[in-house]
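Inspection log for the structure reproduced underneath, given as structure tokens.
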Amino acid sequence: MKISLNINNQKYDCQIEPDETLLNLLRKLGFKSVKKGCDTATCGVCTVLLNENPILSCSYLAVRADGKNITTVEGLGKKADAIIDAIVNEGADQCGFCGPALILTVYALQKELKNPTMEDVNRYLAGNLCRCSGYEGQLRGIKKFLGVK
Amino acid sequence: MKKAVKKFDARPKLNGSWKFLDDYSYENMIFGQLFYSTCHHGIIKNIIFPKNFDLNEFTIISAKNILGKNIVPEPVCDQPFMAEKEVMHFGQIILGIAHSDKKTLRDFVENIKVKYEKLSAIIDPKECLDNERNHFGKEILINHSNNEKNTGNYHKNIYYTQHQEQAYLEPQGAIAIYDETKKTMFVRVTAQCPFFVKSGVETIMGNAINEAIIETSEGIGGAFGGKEDFPNLLAGITSLLAYKSGKPVKIVLTRNDDIQITTKRHPSRIEIETWTNPLTQKIEKCNIDYRLDAGAFQTLSPVVMARGVLHVGGSYAIPNIKIRGRLFKSNTPSNGAFRGFGVPQALAAMEAHIDQIAIDLKIDPYLFRKVNLFKIGDEFPTTQKITENNLIDCLERVIKNSNYLSKKKEFAEWNKDNSNKKGIGISVGFHGGGFTGNGEKVLKSELKIIIEKNANVKIFVANTDMGQGAHTTLSQMFYETINHPKEKCRVQLPNTSKTPNSGPTVASRTIYIIGNLLQKLAREIQKKLNFENLESYVATHQNEFPREFRKVYIPDKSIVFDENNYVGMAYKDYSWAACVNEIYFHADTYKLEIIKSWNVFDIGKVVNQKIAEGQAEGGILQALAYANSEFFYKKKFGRVRNFTDYTLPTTLDVPEIDVEFIHTDNKIAKGLGEIPMDFPAPAVRNAFLNATGIFVDEYPLTPENIFNIIRSKNEN
């Protein structure tokens, strides 16, 4: 079947299988920053923004994305820089497999929540697993970036 | 101590441009999948392929197609790449299958049926470890005892720990490409130890190839020991599929497959009996029976056991100590390497035991530790002398940082009036750096650097960067030694045809052995070429470059270890650490909440403060989760298949973690990789004991387990 969607502000007309996931489609189209970690919507490494909201692309059928706007970390471009800097400055990134998804989720968090507390931040990021860092460094960086007191 | 050095790969990892295994693609590449046993133990009677598929489209391999040997090279060579007639565990690989279309391949593999003649199987760790008949046969004995008399107060208990999954977020994967002209097999893999993988591929391929060339993917999405030996097996089967199909083959495991068939941390059963002198409050004598469930095959388990028995005596000066170490057999996938390598189990037992003794003797666990901790001149059970008091310094510092003594009093008062409880607990630990005993002598690790005409320095080591920042730190150790610009120094992607064998990326050895060796080489080059500034030297001596330098690691002559009797220097340098955990027990939900974890380390010189903090924090959270949430096989629970059932800590579960490094003026950077996983877990249990007075002899302290313990206590 055919669908048409915007990925990072560019239109794509795609031939897809009815049971194809958005994750599979995006990776096939070359958006390799979107990772496959669990296939059960639990680890968060496949996060993308759908009309600005974070979703887990491994459990989202590509057909549902027809006509929608998808943003991957490649599409954030310079808008990601400040978030990336915040995490790099804390030396918080380790293996990096969860990194792009984290950047997208923090970007969405910043847009969605005004003056969040650390509890709000922890709640918002609870779907993005990281096995390396213990979250400590990431959260220090994100706290500074968001100006959480 | 340099604080400002950032990881060279952090930005590309975060912006998504860093390549992981599944991001690589090759022309004509097809996909592979593993078909594995769903029977715990049985004889394969027949294999039925699904109808409605054209078998000619598939490349299918079994043990019969192996061109070399059907034995994965390991310290004990007892595990086949693929099962022949008998399957020994759920998850044992029976077939490798490849096809050009992933979906067709998955449908085909999911519908293969096998008829088994089922045989008896042991999948419960306790059932395995409680029964002496499951013992594999060989054992380690350490006897540091002159006194056969049992006098004083007697304390005995048996401690259990569970499986733990490494849970690297990037699943296992390999891509194999056969070059028919050169008769070489190129394998790109997400793995810790490229030379182990080389050996695996060359074993399965036999004379069919001249050489296996292994190169890691640019990014290795976490490993924690889980990518130490399983990649050998996976790369071997992928290579055989590539050879048979004549096309590049990629296998990336799904999470369900990865969790169910790869190695885990060994479950343990550790029995400790101790005699103490009630007057001096000193431990006089101790007997330890250290058992690990190795799974269906022994593979590298003897090495895990060796490290385990060398740490299970704990951090205490015990004049008479006997330790017996044994491996037990079950019908679960062979257990393997996981950060800590037998030490988290050892300390889970000993550090809980110490608190139990303290309670028996009616003395605070802190004061009891103070009396019994190693001091200069004391001996390890192997007779190795203690040469520094840094462990006591760690303990004193963490007691101060956490305000342990006043909190303990305060909580005792608070607990009197509340059904919820507050608790505080201590644990201490140590970790020997590098390979055990004579391991580093046997390895003869070699590294190489090339200085180019533009003064760029390329560093070639086989040690991988799986997120721990090794390549940033190694290059930092080189350029800081000779004041060379940071951007002119880079560790190359490990490739077995270009990189000398500097050994595996394990055993907290990368910075401690390879980093310190690299620094020595830097100093030697500076002395030999007699330069103050390498860039100026290269500019004025262009005809000498590019130039290659190599160095082999030769262990200190003082390291003498008798592997038959376990006597001598097991490790030259030890890292030390101490932890205090504060917990809050919710009496209504049985939830144990970790409020804060204070940790003090002596890892010697800290090369990169941020990277070291990150290593410590990540390892501490793994350890805390080991104590209170993660488990794998459990009776009446069903199979754990994904992160839906294997619950990793999230941002909502992370307590405040405080990390401090002391004695950083040491010239040597000691091991850091594993120690954060070793010691903080027992302080969770000890804090629970302090809060509730309930002694728990096994991990994890999930609400269900705590509920059952309290219920059975009430029933009794």
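All values below come from the heavy atoms of this structure, side chains included, with hydrogens, waters and symmetry mates left out. The sequence lines fix the lettering, A, B, ..., with proteins before strands; numbering per chain opens at 1. Remember, predicted model here, so these are calculated numbers, not experimental data.
- Contacts of Glu613(B) with chain A are made by side-chain atoms alone, with heavy-atom separations under 4.5 Å and no backbone atom involved.
- Listed options Pro649(B), Gly219(B), Pro12(B) were ranked by heavy-atom pairs under 4.5 angstrom with chain A; first place goes to Pro649(B).
- Looking at Arg131(A) and Glu165(B), no side-chain N of the basic residue comes within less than 4.0 Å of a carboxylate O on the acidic one, giving no salt bridge.
- The existence of a salt bridge linking Asp22(B) and Arg27(A) is confirmed by a sub-4.0 Å separation between a basic side-chain nitrogen and an acidic carboxylate oxygen.
- For Leu139(A), the part sitting under 4.5 Å from any heavy atom of chain B is the side chain, from C-beta outward, and nothing else.
- For Ile84(A), the parts sitting under 4.5 Å from any heavy atom of chain B are the backbone and the side chain alike.
- With a 4.5 Å cut-off on non-hydrogen atoms, Leu169(B) touches chain A through its backbone and its side chain both.
- Note on Asp258(B), Val654(B), Ile657(B), Leu648(B): by heavy-atom pairs under 4.5 Å with chain A, the leading option is Ile657(B).
- Residue Asn128(A): no heavy atom, backbone or side chain, is found under 4.5 Å from chain B.
- Heavy atoms closer than 4.5 Å to chain B are found in both the backbone and the side chain of Val88(A).
- A salt bridge links Asp23(B) with Lys35(A): at least one charged nitrogen is closer than 4.0 Å to a carboxylate oxygen.
- Taking SG of Cys132(A) as the reference point, atom CG of Leu621(B) lies at 11.5 Å (rounded to 0.5 Å).
- Contact of Ala92(A) with chain B is not made at all, since no heavy-atom distance falls under 4.5 Å.
- Considering only heavy-atom pairs separated by less than 4.5 Å from chain A, the leading option among Glu656(B), Lys19(B), Gln615(B) is Gln615(B).
- Within the 4.5 angstrom heavy-atom criterion, atoms from both the backbone and the side chain of Glu90(A) approach chain B.
- With a threshold of 4.5 angstrom between heavy atoms, Pro655(B) approaches chain A through N, CA, C or O but not through any side-chain atom.
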